[in-house]
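Working notes, beginning with the structure itself.
Only heavy atoms go into these numbers, but all of them, side chains included; no hydrogens, no water, no symmetry mates. Residue numbers start at 1 and run along the sequence shown.
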Amino acid sequence: MSFVIDLDAERREVQHPHGITVLLKGQQFLFPAEVPADALDPLLSDELDLVGLLSDIVGTKGATVSGEVIELLFKRPKLPRQFLTAVKDIYRILLGDEGFADFVVVRPSIGDYVRLTKALITVYGVDLGNLFGSGDSSESDGETSSPTSAGSTDSTPGASGSGQDSPDSSASAA
């Protein structure tokens, strides 16, 4: 018996053929239906060294994780600005140069970036914790769980704006 990975199976592009519409301050922005492979490159850059920071956090035996994070940030004073630049670079990759230029014109707040990033993580199904292998949820001694209802078991979320403040933010793509 062989195992088949069907990359031709229905993808998010079929569900959102025109992309994922995001509404912000009265403007619409179109994000791609799938995350391009290079979209996370800014977070994984040697200059940002996020992997090194995560390794330092995991490797410390301090009193509190938050205390260790603060101490490590003081050792890397450029990190917050570099991280924000990396996030903006990811948005530039997702929106393209012209779309990103239009996006920054509406002057998104830090809160806007946080809410939108959380919503996109949910829609795209990309979780850095899972990418780096952190989190103990993958190790289980128990039985495999099964759905409790006859509803869909697709891993793609139904609503694209599940973390948004407005119920209209999950409207389908135009």
Checklist entry - Do V114 and V22 sit in the same hydrophobic cluster, where Ile, Leu, Val, Met, Phe, Trp and Tyr count as joined when their side-chain heavy atoms come under 4.5 Å apart? => result no
Item to check | side-chain contact (heavy atoms from CB on, under 4.5 Å) evaluation trace for L53 with L79 | outcome: CA-CA 10 Å; L53 176 67; L79 183 65; 3.3 Å; yes
Checklist entry - Do you know the tightest heavy-atom contact between K25 and R107? => result NZ-O, 2.8 Å
Next on the checklist: Counting C-beta onward and ignoring hydrogens, is there a side-chain heavy-atom pair between D56 and R76 closer than 4.5 Å?
Outcome noted: yes
Checklist entry - Can you name the closest pair of heavy atoms from L43 and L48 and give their distance? => result O-CD2, 3.7 Å
Checklist entry - Looking at K78 and D49, does any basic side-chain N land under 4.0 Å from a carboxylate oxygen? => result no
Under 3.5 Å, which donor-acceptor pairs do the side chains of residues 82-104 form with other protein atoms, sequence neighbours left out?
residue : atom : partner : partner atom : Å
T85     : OG1  : R81     : O            : 3.0
Y91     : OH   : T117    : N            : 3.2
Y91     : OH   : T117    : OG1          : 2.7

Checklist entry - So, do P108 and L116 sit near enough that their side-chain heavy atoms are less than 4.5 Å apart? => result no
Next on the checklist: Checking V123 against K118 for the side-chain contact (heavy atoms from CB on, under 4.5 Å) test, could you report, in this order, the C-alpha distance in whole Å, the side-chain angles of both residues, the deciding distance, and whether it holds?
Outcome noted: CA-CA 9 Å; V123 171; K118 285 181 177 181; over 6 Å; no
Next on the checklist: Assess the residue pair V51 and L44 against the criterion (side-chain contact (heavy atoms from CB on, under 4.5 Å)); give the C-alpha distance rounded to whole Å, side-chain angles, the decisive distance to 0.1 Å, and a yes or no.
Outcome noted: CA-CA 7 Å; V51 175; L44 303 175; 4.2 Å; yes
Next on the checklist: The criterion is salt bridge (charged side-chain N to carboxylate O under 4.0 Å, His left out); which residues satisfy it with D41, sequence neighbours excluded?
Outcome noted: none
Checklist entry - Which atom names give the shortest non-hydrogen contact between R115 and S109, and what distance separates them? => result NH2-OG, 4.4 Å
Next on the checklist: side-chain contact (heavy atoms from CB on, under 4.5 Å), that's the test. Do F29 and V106 meet it? Break it down for me.
Outcome noted: CA-CA 11 Å; F29 302 96; V106 300; 4.1 Å; yes
